[in-house]
K.L.:
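Structure below; questions to follow.
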Amino acid sequence: MKCRTCRGPAIIDLPRHNANFCAEHFLELCRRQVRKAIDDFEMFAPDDRILVAVSGGKDSLAVWDILVELGYRADGLYIGLGIGDYSHESEDFARRFADERGLTLKVVSLRDDHGFDVPTAAKATGRVPCSACGMSKRHLFDHWAREGGYDVVVTGHNLDDEAAVLFGNSLRWDVEYLARQLPVLAARDGFPKKVKPLVRLSEREMAAWCVVRGIDYIVDECPMAVGNKHLGYKEALNLIEEKSPGTKASYYLGFLERMSPLLAGVHERGTAGLSACTKCGAPTGAVGESVCAFCRLAERASTMAPVPVEMVVKKSAARRRAEKEVGR
Ligand code: AMP
Ligand code: FES
Ligand code: ZN
Ligand code: ZN
């Protein structure tokens, strides 16, 4: 196996590029793909202050590493979600990465700072844990970006993540979501700009980036996400990708190039009606509510006895079994 660029021994084969690469030229390919995403979608300028949302997983640590390497000013934000050992371990990986490189990492804890955690929030809302989790993360990304005066929030969503979301949205023909599924969300009404510089790189490529660069990351998936629809879509796309390499990239990147422009305008939501949450100051548009959704959740969940992770995981498994039995 020889590197396409230098003909030296290759360390990775990338079927979708129909080529193999040595470590040096693989890293170069990744940097090039990130630079292209940043330029094509005008993600940020060289002097922008960047806040990277880091989960301790491969993607967010890799994107932080790449941005720092490319010379950007990027700090990290880790949110402790209170998901048992999974959260403790992922926090350790994020802290170690930052410490070893002398980078600034802000660590926030849902339990210590807001009086609740994701398993308890799941019980409070009666919905799947990922929905309260996602809402809390988005709220805290926005909050800490405003608080720290950052120009933009970066997340580690990669090509596999975005293709899976696109798959789900198109299975439902959810036109509003499809119209909003862009790697850049402009700043508006007090919400910061949000970008996804890894959309041109796959999960496997990001794992390889970490191995080559010597980055340790949490390998386990969140125990509460196991078996969710999103992971099912990823598996389905991987089966197709195996048979015809490159399908995932052409599906998602082709959507951005050819379909997104046709949907422009669908997602232009009115800016009228937003006011500041009376508790935390965040912009909120909920009709008839002066308090934002996060503060309402915190109010409810923080009065409840903490729910152990295992209870929520078991409940999700039971729900999945029941759904299977009734054929849903
Ligand atoms: P996920 O929603 O878990 O697929 O994560 C998507 C992206 O959200 C990651 O790549 C990170 O950028 C960010 N993220 C996820 N979990 C956390 C966390 N606990 N703290 C900070 N950022 C996170
Ligand atoms: Fe949010 Fe698992 S990381 S529910
Ligand atoms: Zn090479
Ligand atoms: Zn609020």
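Count residues from 1 along the sequence. Both counts, for ligands and for their atoms, begin at 1 and track the order of listing.
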K.L.:
What's within reach of the Zn ion (ligand 4), meaning protein N/O/S atoms under 2.8 Å?
P.N.:
Cys277 SG, Cys280 SG, Cys292 SG, Cys295 SG
K.L.:
Just to confirm my output: which protein heavy-atom neighbour is closest to atom 2 (O) of ligand 1, and how far is it?
P.N.:
Lys137 NZ, 3.4 Å
K.L.:
Is atom CD of Glu221 surrounded by more than 12 heavy atoms (other residues, nucleotides or ligands) closer than 6.0 Å?
P.N.:
no
K.L.:
Would the number of heavy atoms belonging to other residues, nucleotides or ligands and lying under 6.0 Å from CD of Glu69 be above 12?
P.N.:
yes
K.L.:
Taking the six-membered ring of Phe97 as reference, does the NZ or CZ atom of Arg101 fall below 6.0 Å from its centre and within a 45° cone about the axis?
P.N.:
yes
K.L.:
Any N or O on Gly156 sitting closer than 3.5 Å to an N or O of ligand 1?
P.N.:
yes
K.L.:
At a 4.0 Å cut-off, with the gap strictly under it, does some heavy atom of Asp161 reach an atom of ligand 1?
P.N.:
no
K.L.:
Output the list of atoms in ligand 1 that are nearer than 4.0 Å to some heavy atom of Ser60, sorted by atom number.
P.N.:
10 (O), 11 (C), 12 (O)
K.L.:
Provide the closest heavy-atom pair for Pro223 versus Ile83 in the form atom of the first, atom of the second, distance.
P.N.:
CG-CG2, 3.8 Å
K.L.:
Between the side chain of Glu241 and the main-chain N/O of Gly246, is any donor-acceptor distance below 3.5 Å?
P.N.:
yes
K.L.:
I'd like to verify the contacts: list protein N, O or S atoms under a distance of 2.8 Å from atom 2 (Fe) of ligand 2.
P.N.:
Cys222 SG
K.L.:
Output the list of atoms in ligand 1 that are nearer than 4.0 Å to some heavy atom of Leu77, sorted by atom number.
P.N.:
21 (C)
K.L.:
Considering distance alone, does some N or O of Phe141 sit under 3.5 Å from an N or O of ligand 1?
P.N.:
no
K.L.:
Below 4.0 Å, non-hydrogen atoms only: which portion of Val52 touches ligand 1? Side chain, backbone, both or neither.
P.N.:
neither
K.L.:
Considering only non-hydrogen protein atoms, determine which one is nearest to atom 12 (O) of ligand 1 and report residue, atom name and distance to 0.1 Å.
P.N.:
Ala53 O, 2.5 Å
K.L.:
Using distance alone, determine whether Leu81 and ligand 1 share an N or O pair under 3.5 Å.
P.N.:
no
K.L.:
Using side-chain hydrogen bond (donor to acceptor under 3.5 Å, both in side chains) as the criterion, point out the one residue from Lys234, Lys248, Arg204 that pairs with Asp160.
P.N.:
Lys248
K.L.:
Please check this pair: side chain of Asp65 against backbone of Leu61, looking for a donor-acceptor N/O pair closer than 3.5 Å.
P.N.:
no
K.L.:
Among all protein non-hydrogen atoms, which one is nearest to atom 19 (N) of ligand 1, and what is the separation to 0.1 Å?
P.N.:
Ile79 O, 2.8 Å
K.L.:
When Glu205 is tested against each of Arg16, Lys58, Arg200 for side-chain hydrogen bond (donor to acceptor under 3.5 Å, both in side chains), which residue passes?
P.N.:
Arg16
K.L.:
Side chains of Tyr150 and Asp75: donor-acceptor distance under 3.5 Å anywhere?
P.N.:
yes
K.L.:
Is it true that Phe294 and His143 have ring centroids separated by less than 6.0 Å?
P.N.:
no
K.L.:
Specify the protein heavy atom at minimum distance from atom 6 (C) of ligand 1: its residue, its atom name, and the distance to 0.1 Å.
P.N.:
His157 NE2, 3.3 Å
K.L.:
Should we say atom OH of Tyr177 is surrounded by more than 12 heavy atoms from elsewhere, each under 6.0 Å from it?
P.N.:
no
K.L.:
How about Asn169 and Asp174: does a side-chain donor come under 3.5 Å of a side-chain acceptor?
P.N.:
no
K.L.:
Under 4.0 Å from atom 4 (O) of ligand 1, is there any protein heavy atom?
P.N.:
no
K.L.:
Could you identify the single nearest non-hydrogen protein atom to atom 14 (N) of ligand 1 and state the distance to 0.1 Å?
P.N.:
Ser55 CB, 3.8 Å
K.L.:
For the residue pair Ser60 and Ser55, confirm or rule out a side-chain donor-acceptor distance under 3.5 Å.
P.N.:
yes
K.L.:
Are there more than 12 heavy atoms of other residues, nucleotides or ligands under 6.0 Å from atom CG of Asp99?
P.N.:
yes
K.L.:
Output yes when a side-chain donor or acceptor of Trp64 lies under 3.5 Å from a complementary backbone atom of Ala74, and no otherwise.
P.N.:
yes
K.L.:
Which of the atoms of ligand 1 are close to Thr155, meaning less than 4.0 Å from one of its heavy atoms?
P.N.:
12 (O)
K.L.:
Do the ring centers of Tyr233 and Phe167 come within less than 6.0 Å of each other?
P.N.:
yes
